[in-house]
Protein chains: 4
Amino acid sequence: MTTTDTTPRLRADARRNRDRIISAAQAVFTERGTEVPMEEVARSAGVGVGTLYRRFPDRDSLIRAVAQDAFDTVLEDTRATIAQKPDAWTALSQIMHRGLALRTVVRLTVLSSRARAIINSDPNTEAVNNQFLELVEDLVRRAQADGKLREDISTGDIAVLSGLALQGMQALPEELRTIAPARYIAVLLDGLRAENSRPLPGRPISADEVIIRTPEVEF
Amino acid sequence: MTTTDTTPRLRADARRNRDRIISAAQAVFTERGTEVPMEEVARSAGVGVGTLYRRFPDRDSLIRAVAQDAFDTVLEDTRATIAQKPDAWTALSQIMHRGLALRTVVRLTVLSSRARAIINSDPNTEAVNNQFLELVEDLVRRAQADGKLREDISTGDIAVLSGLALQGMQALPEELRTIAPARYIAVLLDGLRAENSRPLPGRPISADEVIIRTPEVEF
Amino acid sequence: MTTTDTTPRLRADARRNRDRIISAAQAVFTERGTEVPMEEVARSAGVGVGTLYRRFPDRDSLIRAVAQDAFDTVLEDTRATIAQKPDAWTALSQIMHRGLALRTVVRLTVLSSRARAIINSDPNTEAVNNQFLELVEDLVRRAQADGKLREDISTGDIAVLSGLALQGMQALPEELRTIAPARYIAVLLDGLRAENSRPLPGRPISADEVIIRTPEVEF
Amino acid sequence: MTTTDTTPRLRADARRNRDRIISAAQAVFTERGTEVPMEEVARSAGVGVGTLYRRFPDRDSLIRAVAQDAFDTVLEDTRATIAQKPDAWTALSQIMHRGLALRTVVRLTVLSSRARAIINSDPNTEAVNNQFLELVEDLVRRAQADGKLREDISTGDIAVLSGLALQGMQALPEELRTIAPARYIAVLLDGLRAENSRPLPGRPISADEVIIRTPEVEF
DNA sequence: AATGAATGAGCATTCATTCAT
DNA sequence: CATGAATGAATGCTCATTCAT
């Protein structure tokens, strides 16, 4: 787990508790949504509710911490990927194929309007997200310059599309849930290649446009 | 609205109310998930809770009715599309571009595990769904025979992919929410074309495999 | 059914409906208490709720009518019994052994505080009840004068005791429910005979004292 | 209160609350039946509904606990009585004259079919009840051998008869409600004596026959 | 006049959050 | 500090009563 330590000093055991809670919450939120009873989260972290609430005064603050953590991981991964790959298209492909943390982010931002609202109003997470999007933006530009990525597409589109392919797999039986995302990312990538492209309807969606304000949807 | 009239005879006003409730529930479920307070559903249908409950004795039975209705509409639309288009690829494209009812089905089946469980145990809805999948299956085969659709793909894949592109748009600002689905369906279609396709990882997923049994996820 | 016709004129079919409702309500109240859903009562009378409510504007008024009817029957039976039996003790025995209408009265008065409150405030029923108690009072006096009935007992005691033996049989299996009341009435009668008697604790309870004011108990 | 401690360890305050709830529920159930609003029970125990539900997850489990407790007390009382009284008839008399806990049992078993169903399916309570009935059975046999108790009677009859005399007193004004049960128990006992008894109709009812299966009656 | 639909108040139950141990 | 108990507000569902057909 990667945690941007905001709380300066924390005794070792308290720290450990905090981490266990975030891990557990991430798993539980990903599996069953952000509306699970707090007691469930506590139980699955192996602590009492009291402890949970001492660390995170309400559900929102827990969601915020989980999001924070996931965004951090995504950013780190992305940096690591870029550090090794000079080819923009390959880098993009790899990033889109990435796993759990990205999936958490997707769930949190795409599926739960509550999480979205929280994330949108958290400067810390937003900052990390912006850094991530900048990196992707650069890759997009470079991949297009290389003639690999279609022109009528922008960073926001990529963000949304990666999101789609990483979610919604719960409808599949266990066996397929593992292989399906890779398949659909691959289909998408084929659809994103310059060579294949028919002109798209609408207009490119930029990175700035995917940070959202719709607070009503709640699955 | 398309309602398969199961209840033999219903007084005109009762019928009207029933329809209003299903419409309202469809909208509300699509907007805010299947867990909205029943009172909300009632209010948005302009009836009292009592009426809602008289017609649908519990939430499950309402979800079932909404699903039924949505599946019916999807099937009808699909038939109409096929009736006019002899070209399989075009037919598939059009079906994938279709709107609200399909979106409801997707929401209901992909996002809410509760809805999934209900639908899976409703023979009526399942029957309609099967008819729909058969139609698509035929289109897929034909489009592949025509050399339009890539070979390493099957009906289940198409079903999942259409689902993905039709959901998750709530993360976008109002303006884009309208145009985005069409864009992403287009990208997907480009990715699905036979020409230039790279081999996909995994294996084709058949129609039978997307009727699902995982009841834990609940957003 | 014996109904003291208060409502002067009533069309034949309306009259028939009224009677069917009272019969049904008597049965249902006796079986399942005075709190059964009105819809149940209506269904078991074979009419719609609307009709039920047209006849009896609320639950209380239905209970009142049922009580009325039962009291009437009890009074009639008692008169008939007395008319044939000059021996007071035998008359008392027979009255105590009587069946359904008496049982309804007992249920209504002993088990449901609501019914009790209603009956107590209904001059009509009260009048009938008073006539009944006067008859019993006379029998008690005569049976004591004959040396058959113990002296330290009064009409109120008899009323309460008959009530007890006629109720609470629902705890027994079907077969016994039929024979049990007769057995226990017999035991009671043996206990009431002058010859057997040890002095009782407390004091004789008169007829006036069993018309009651406690409105809290509600089974 | 006698509580069979099933839950291993319970914080002092929780334990205290548990006991208060059972006491309150016993009183309230006895006064107003097993259908009182849970909120009433909670209020009368001086706790919030939440606490009530934490301890007893639903109404049935509360009824079960109250029954358990009452049966325990009855059994204890009975043992104590027997321990001091070698004379079977006197022991029986005393047991029949006993008060509140017995009355609760009676209410619960005789008046509420719901309670009956619960008790019948609770092995724990059933066990205690069986022990109780064995003790009474023995007393009945001895009292008959002593020539004190009439021969044409069995344990089940005694159980039913004690039940009758201990209930239904709510029809009486406050003052009499205190003395009445003793009076009627006395009458019954006179009726149960061997001397002067007339043969009873029907047949003796054994202890096994009063554990019942009729779940429809609900007062 | 009879019917059954509509309404909404009432009670059961769950769960976020606070607080005593 | 950690724990789990207590609280009460929110929501599901039922049913008495009213009213349109």
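None of these values were measured; they are calculated from a predicted model. Letters go in sequence order (proteins before strands), and every chain restarts at 1.
Between the P atom of dA2(E) and the CZ atom of F56(C) lies a distance of 12 Å, rounded to the nearest Å. Rounding to whole angstrom units, CZ of residue R43(B) and P of dT7(E) are separated by 13 Å. Rounded to whole Å, the distance from CG on D60(A) to P on dT17(E) is 8 Å. Here dT14(E) presents its P atom at 15 Å from CD of E35(B), a figure rounded to the nearest Å. A straight line from CD1 of I63(B) to P of dG12(F) spans 11 Å, rounded to a whole angstrom. Summarising the geometry, the separation between CD on E40(D) and P on dG8(F) is reported as 16 Å, rounded to the nearest angstrom.
Residues satisfying the side chain to side chain donor-acceptor pair (under 3.5 Å) criterion with E39(D), sequence neighbours excluded, are absent altogether. Considering only residues two or more places apart in sequence or on other chains, D60(A) meets the side chain to side chain donor-acceptor pair (under 3.5 Å) condition with R114(A). Contacts of R54(C) classified as side chain to side chain donor-acceptor pair (under 3.5 Å), with partners at least two apart in sequence or in another chain: none. Looking at residues two or more places apart in sequence or on another chain, you find a side-chain contact (heavy atoms from CB on, under 4.5 Å) between Y53(B) and M38(B), V49(B).
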Exercise for the section: Using the side-chain contact (heavy atoms from CB on, under 4.5 Å) rule, take L62(C) and L52(C) through it: C-alpha gap first, then chi angles, then the decisive distance, then the call. Expected result: CA-CA 9 Å; L62(C) 176 59; L52(C) 173 49; 4.2 Å; yes
Exercise for the section: Could you walk me through whether F29(B) and T104(B) pass side-chain contact (heavy atoms from CB on, under 4.5 Å), step by step? Expected result: CA-CA 8 Å; F29(B) 285 172; T104(B) 299; 6.0 Å; no
Practice task
Give the C-alpha distance, both sets of side-chain angles, the deciding distance and a yes or no for side-chain contact (heavy atoms from CB on, under 4.5 Å) between I22(C) and R18(C).
Solution key: CA-CA 6 Å; I22(C) 291 187; R18(C) 201 193 126 94; 3.6 Å; yes
Exercise for the section: Apply side-chain contact (heavy atoms from CB on, under 4.5 Å) to F71(D) and N124(D), showing your working. Expected result: CA-CA 10 Å; F71(D) 276 98; N124(D) 219 317; over 6 Å; no
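When each of L52(A) and V36(C) is assigned the nucleotide of DNA chain F with its nearest heavy atom, L52(A) is the one assigned upstream, toward the 5' end. Take the nearest nucleotide of DNA chain F for T51(D) and for R54(A): the residue whose nucleotide is more 5' is R54(A).
Distances shorter than 4.0 Å separate some side-chain N or O of R55(C) from OP1 or OP2 on dA2(E). Distances shorter than 4.0 Å separate none of the side-chain N or O atoms of N17(D) from OP1 or OP2 on dA5(F).
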Completion exercise
Dot-bracket assigned to DNA chain F with the 3.5 Å Watson-Crick/G-U criterion, [ ] for crossing and | for other-strand pairs, is .||||||||||||||||||||
Under 3.5 Å between N/O atoms: give me all the protein pairs with nucleotides 13-15 of chain F, atom names plus distance.
{"unit_1": "dC13(F)", "atom_1": "OP2", "unit_2": "Y53(B)", "atom_2": "OH", "d": "2.5"}

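Here the straight-line distance linking atom CZ of R55(B) with atom CG of D19(B) works out to 10.5 Å at 0.5 Å rounding.
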